[in-house]
Participant: 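Mind looking over this structure? Questions follow.
Below, chains carry the letters A, B, ... as their sequence lines are ordered, and counting in each starts from 1. Keep in mind that what you see is a predicted model, and the values were worked out from it rather than measured.
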Amino acid sequence: MIGSNIPDKCVPELKKYQAEFLQDRKEELAKIVLFLKDHEYLKVRKMIHKWEGICEPYGFQRLAILGKELSKELVLENQMDSAKAKKIIQKMRDYLLNFNDD
Amino acid sequence: MMIKFKNILKSNQRKFFLYSIVGIVLILLSSALTLYYHNKNVSGQVATFRVYSAITKILTINNEIVSIAGKLEGSSRSIDDETVGIIEDSLDSLKSQYHLINFQLLSANFNTSHGRDEKKKLKSDEFLNNHKVLLKDINDLELFLKKTKALKNENARKRLIQISEKLKEYNNEVLFFLNDKILSDHIEEYSKLRKAGFILVFMLITQILLIWLLIFRPLFKTISQQHDEITKASLNVQSANRSKSDFIANISHEIRTPMTGILGYTAVLRDSNSSNQEKDEAVKIIDRNAEHLMGIIDEILDISKLESGKFDYDYQVVELPKLIDDVYALVKVKAEEKNIDLIFTLSGKIPKYIKIDPKRFKQILFNVVGNAVKFTNEGYVHVKVLYNLEEAELMFLVRDTGIGIELKNQGHLFKYFEQVDSSVSRNHGGTGLGLVLSKDMAEGMRGDVNLIRSEINKGSVFEISFQLEIEHELILTNQLNLSENGKKEFKQTDEREFLLEEKRIMIVDDAKENSRLFEMYLKKAGAETVVHNNGVDAISSAAREYFDLILLDLQMPGKDGFQVLKELRSNLFDGPIVALTAHTMEEEKIRTKEAGFDEHLSKPIKPRDLINKVFELIE
């Protein structure tokens, strides 16, 4: 857990979209990895900006925090700590694969 | 009911009388036209027969003269006095007959009957000319006879013979003419008779149709209508009787229940073995039941007064928030017992003081809000208070999340003795008179109570309205200051929950995650939402449906936000349109403002900011 001891939980009104939401994020994460490899930071920043905006209100606070951390790294662009970025992406992947609020 | 019947009967009588008059007038007119046509034919025939008769006479007289002249021509002796007398008489008669023929031939009937045929007319004119010449000859002969005193000389005889020759020629002409004329006249008469036959049949059919259309059809319609009305009235009477029986059964149960309590606990009071605590409890229960009984009796008396028109209102200038608080305090207890939320909110400002009958006002509000609580088992009852300054109209929107009312039963809500379902009174209690009484009382105070909408298991929305008379200085307030039983401060529920109630908002965003979020926020605030993920669907939707506001994303595939805005503003939507964008830059805000957006919101948006902004723009 990062920044919170309360486990993430999708808000009840949006619960019906939870599976679709997580699947979409998995697909976007795959794209983020590819964009990072190609040094297309602007595209990654746009995607992460969207994550920041939607993950928290849907109830996925940790994913939002991870998004913010990646954003900080992205600001540096060429001086970006790739190892740190990779670590964050791995955490995101783990989160998306293992999320279970039941 | 009787008055309604009388009115229908009177109206039908008037209609029937009018139709009958119109029918009779039309039948008389058509009959007169037929008669006129027939009479015209007959007159023509009579004129022709008169001419024939005159001509026959002429021929007879002519023959007579010719016969005399023949005799004279054959003999050498002079004419005796007797023959001269006969000839003179014949000439007189001949002259008068010629005048008659002249008159008949010149008469309109004769001429008109031949006028259409040019050939016949020429022949007739020729005949008239000859006739005039002959008449001149006859006059000459008469003069000659007078001059010579007698026809005894040779000259006179010769003259007579000359005239008789002329008459012979004339006779032949007349015979030809007559033959011709009789033939053509007969053909014409037959053709006219055939025409007259057709006209008569046509008139007969027309008259039968007129009689059906103007007399029998309205009569049949009137009888059918009256039959329907009587059947309907009879069914209504049966239904009213059934409702009254149900009502009496229900009211007896309603009266018996507290009465049983009163009688039972009176026995506890009488019992010397009862403890003081038991007696205190009994007094409380008797008191509560007596109050309940009083309430039922009051309702029945109110109906009786309203029905007899003896219901009086005691208008006073009173503090509106205080009245609302009184009702709130009364209903709150029931809501707490059922563990449902009772929320009173203000939309804008309301008058602090109003002139109204406070007792009846509270009774109406209590009945409607109390009903909402009674029929809600979970969720909330929300009372929104609004005031329309321009029209001086005070309004209460009472929304519940209760059992709802079926569409087929909604029409019975505001009828005396017709509680939606008799099982309702068994399950929920009450006489079923509250709503209808409230409506009648509100109408008496220039107000109304209406059901706005209702859905089974989703709830209902009622509207109470009053047209206020503002005689005193209008002081507005935005405070309800609700208290609980007049002691504890009421913790008002967040108004934002209902801020967008009754509002329709369109969300246009290609990112489904965003549109779902906005939809959730807006729905929580009570709004109705419609979501589109592209500009084309949004434009088509705005052309078909009503919206209070549109949230429009700027970056969308296909038509972007600016293009959609342009099309929406071309006569499709003139309400507020809010630009949704991921950018926070000032330039972007200026750009959207210049394009014609009413507001610019940068994603991510906090729910409170979104609701406040949307509310602000709509209001």
Participant: Does NZ in Lys31(A) sit with more than 12 non-hydrogen atoms of other residues, nucleotides or ligands closer than 6.0 Å?
Facilitator: no
Participant: Compare all side-chain heavy atoms of Ile54(A) with those of Lys603(B) and state whether any distance is below 4.5 angstrom.
Facilitator: no
Participant: Mark yes when over 12 heavy atoms from residues, nucleotides or ligands other than Asp38(A) sit less than 6.0 Å from its CG; otherwise mark no.
Facilitator: yes
Participant: Salt bridge between Glu13(A) and Lys524(B), side-chain N to carboxylate O under 4.0 Å?
Facilitator: yes
Participant: A quick test of your reading: do over 12 heavy atoms of other residues, nucleotides or ligands sit less than 6.0 Å from CD of Glu545(B)?
Facilitator: yes
Participant: Under a 4.0 Å threshold between the charged nitrogen and the carboxylate oxygen, would Glu56(A) count as salt-bridged to Lys606(B)?
Facilitator: no
Participant: Are any of the side-chain heavy atoms of Glu20(A) and Arg516(B) separated by less than 4.5 Å?
Facilitator: yes
Participant: Which atoms form the tightest heavy-atom contact between Pro604(B) and Gly53(A), and what is the distance?
Facilitator: CB-CA, 3.5 Å
Participant: Are Lys512(B) and Tyr17(A) packed together at the side-chain level, in the sense that at least one heavy-atom pair is separated by less than 4.5 angstrom?
Facilitator: no
Participant: State whether the number of non-hydrogen atoms from other residues, nucleotides or ligands found under 6.0 Å of Asn98(A) atom CG is greater than 12.
Facilitator: yes
